[in-house]
Amino acid sequence: MTTADTMTAHPSDIVPVERAADVHCVRVAKTFAGGTVALREVRLHCPPGEITVLLGPSGCGKTTLLRCIAGLETPTGGSIRIGDRDVTQTDPRKRGVAMVFQNYGLYPNKTAHDNIEYPLRLARVPKGERRDRVARVAGLLQIDHLLDRKPAQLSGGQRQRVGIGRALVREPAVLLMDEPLSSLDAELRVSMRTEIRALQRKLGTTMVYVTHDQTEALALADQLVVLRDGRIEHSGNPEQVFGSPATTFVAGFLGAMNLLDAQPLGLAPGTIGIRPEDLLAGETPGALTLHGPVIDTDLTGTERIVHFRCGQQTVRIRLRADDPVPEHITAHALPDRIHRFDSEGNRTEARP
Ligand code: ATP
C-alpha cells in the first residue's frame, strides 16, 4: 500500500461513531505492587474530537496512563471520566474505548476479516450487522482486498491497518493508540501518521496517542502532553509547547534545545536555551555571541549539526550539509530567540 491512495473513502463509507466523548483524568495515581510509582496525581482533559498525544521518555508513565483510561490498569488514586460517566471502576469493554497496541495484537491464525470481526462476535452483534460493519471499516482503511489473508501474509503497514480496523469496528467514542507505528520503517511511519490524522479528522473520534517520538507528536497533536516521571511537565497546543517550553526538560526533549549555564556567559544566574536553528553565523550588535572550536559533527541529511566548545559548555548549531565545516564557530542568537529558565529549570518571562 502506498501513500498515494491514502484515505480516499467515499463519505458513505464513514464509520458512524458515537458522539465523541472527552476524557477527564482527575488526580490519577498509579503505584504498582512492587512499589514503582508510575503516575503521580495526573490531571488531564482530552477534548472531544481531538488528538491528545502523550509524549515522554521511556518509563515516564505514558502507557500506564493510557491503560488506566482503557481500564486495563486500575488507578491507585484519583478518578477517570469518559463523557459524563465515571469509569474508574468500569469494565474495559463497557467504557466505549478501543485500543490499538504497538504490536497490533492480531490473532495469527485468524484472517484479517476475522480479526476485525472478532470484537463484534464477542459483543454478540448479529451476523448481518457484523458483515456490514467489517465491510465499512475495511473500505475506509482500503484493506478490502486483504481480508482473506492471515497476519503473516501482510506487510507491517497492512497489519497496522487491520489493527486499527479491529479497534474502529467497535465504533468507539475514544480511540487509544500505544506507539502504533513503532515497528514500521521511517518512510511508512510518516505516511501512516498522515493517514491516522486524516482518519481521525474524518471520524471525529477523540484520540489519545502515546509516543516517545517528538516528530510524530508534533505532527499529530491537537493537544501535546509531555510527561516526566509520572507527572505532566507541560501541556498545550504543539506550537505553545515547542515555542515556549515550560521547563528545561521540555526544551531539551522537544527539539534538543541548547541549555547553557547563563552565568559563565556573563548573564544573570539560571539557564538560557537556544535552539540549534536559532544560532546564526557571525556576530550582530545586540545579540548574544558564542564562539569556540568545533569538536564534532552529525550529518542529518540536508543539514549538519555542528558541536562546538564555548568555555566549559558544548553548543550545537545547524549548518547546511554542503557548507564547509570551519575549525571555529562564531555564532549569535537574537534576544527574542533566547529562552530563559530559573535555577529550578522553570521558564521565566525575563529576557537575559
Ligand atoms: P515506554 O516508552 O518505555 O513504554 P512508558 O512511558 O510507557 O515507557 P510505562 O510503561 O507507563 O512507561 O511505565 C512507567 C513505570 O511503571 C516504569 O518505571 C515501569 O517500569 C513501571 N511499570 C509499568 N508496568 C508495570 C507493571 N506491570 N508492574 C510494575 N511496574 C510497572
Side-chain angles (χ1 to χ4, degrees), residues 23-46 51-80 82 87-89 91-92 95 97-106 156 159-160 163-164 167 174-186 189-190 192-193 196 206-221 223-236 238 241-242 245-256:
V23 179
H24 275 277
C25 297
V26 185
R27 302 176 68 173
V28 169
K30 177 72 183 180
T31 302
F32 284 104
T36 305
V37 180
L39 297 174
R40 303 163 197 267
E41 308 227 332
V42 170
R43 293 168 190 269
L44 173 66
H45 177 234
C46 307
I51 304 181
T52 294
V53 174
L54 307 179
L55 174 71
S58 185
C60 69
K62 309 178 292 291
T63 297
T64 303
L65 183 57
L66 199 73
R67 288 172 60 84
C68 285
I69 296 170
L72 301 172
E73 300 287 354
T74 308
T76 44
S79 63
I80 295 174
I82 296 181
V87 297
T88 318
Q89 303 298 332
D91 185 286
R95 293 187 179 205
V97 304
M99 186 148 162
V100 178
F101 296 91
Q102 191 170 353
N103 56 7
Y104 324 131
L106 300 178
R159 251 176 263 164
Q160 205 262 3
I164 294 176
V174 180
L175 186 57
L176 307 173
M177 294 203 172
D178 189 2
E179 306 242 12
L181 305 182
S182 57
S183 53
L184 304 180
D185 64 50
R189 281 183 81 118
V190 174
M192 287 302 298
R193 86 174 178 230
I196 286 177
T206 307
M207 192 184 280
V208 188
Y209 188 105
V210 162
T211 184
H212 64 268
D213 178 332
Q214 47 155 320
T215 316
E216 195 164 290
L218 288 167
L220 276 173
Q223 174 176 234
L224 180 57
V225 178
V226 181
L227 285 164
R228 178 195 193 184
D229 195 19
R231 285 197 183 87
I232 293 181
E233 186 91 353
H234 193 177
S235 71
V241 179
F242 187 86
T247 63
T248 48
F249 173 81
V250 176
F253 192 73
L254 212 54

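Atoms within a ligand are numbered from 1 in the order they appear, just like the ligands themselves.
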Inset, instruction - Please identify which atoms of ligand 1 are closer than 4.0 Å to at least one heavy atom of Pro57. - result: 6 (O)
Inset, instruction - May I ask you to check if ligand 1 and Ser58 share an N or O to N or O distance below 3.5 Å? - result: yes
Legend entry - Nearest non-hydrogen protein atom, atom 9 (P) of ligand 1: Thr64 OG1, 3.5 Å
Inset, instruction - Drop me the distance from Thr31's OG1 to Leu39's CG, to the nearest 0.5 angstrom. - result: 8.5 Å
Inset, instruction - To the nearest 0.5 angstrom, please state how far the CZ atom of Arg193 sits from the CD1 atom of Ile51. - result: 11.5 Å
Inset, instruction - Measure across Cys60 and Asp229 and return the closest heavy-atom pair with its distance rounded to 0.1 Å. - result: CB-N, 3.8 Å
Inset, instruction - Could you pull out, from Thr63, Leu227, Leu54, Leu55, the option with a heavy atom nearest to atom 4 (O) of ligand 1? - result: Thr63
Legend entry - Which residues share a salt bridge (charged side-chain N to carboxylate O under 4.0 Å, His left out) with Arg228, sequence neighbours left out: Glu233
Legend entry - Any Gly61 heavy atom less than 4.0 Å from ligand 1: yes
Legend entry - Nearest protein heavy atom with distance in Å, relative to atom 14 (C) of ligand 1: Gly59 O, 3.4 Å
Legend entry - Cys60 near ligand 1 by a heavy-atom separation under 4.0 Å: yes
Inset, instruction - Might you point out which heavy atoms bring Val241 and Ser235 nearest each other, and give the distance in Å? - result: CG2-C, 4.0 Å
Inset, instruction - Would you kindly specify which portion of His212 sits under 4.0 Å from ligand 1, judged on non-hydrogen atoms: side chain, backbone, both or neither? - result: neither
Inset, instruction - For the pair Thr211 (side chain) and Asp213 (backbone), establish whether a donor and an acceptor sit closer than 3.5 Å, ignoring hydrogens and angles. - result: yes
Inset, instruction - With heavy atoms of Ala38 as the reference, note each atom of ligand 1 found under 4.0 Å away. - result: 14 (C), 15 (C), 16 (O)
Legend entry - Sub-4.0 Å protein heavy atom next to atom 19 (C) of ligand 1: no
Legend entry - NZ/NE/NH1/NH2 to OD/OE distance under 4.0 Å, Asp178 and Arg67: no
Legend entry - Protein heavy-atom partner closest to atom 2 (O) of ligand 1 - residue, atom, separation in Å: Lys62 NZ, 2.9 Å
Legend entry - Side-chain donor-acceptor contact under 3.5 Å, Glu216 with Tyr209: yes
Inset, instruction - Specify side chain, backbone, both or neither for Ala33, according to which of its non-hydrogen atoms lie closer than 4.0 Å to ligand 1. - result: neither
Legend entry - Nearest protein heavy atom with distance in Å, relative to atom 21 (C) of ligand 1: Thr36 CG2, 3.8 Å
Legend entry - Residue pair Cys46 / Val208: nearest heavy atoms and the distance that separates them: SG-CG2, 3.9 Å
Inset, instruction - Examine Phe32 against ligand 1 and note whether any of their N/O atoms are separated by less than 3.5 Å. - result: no
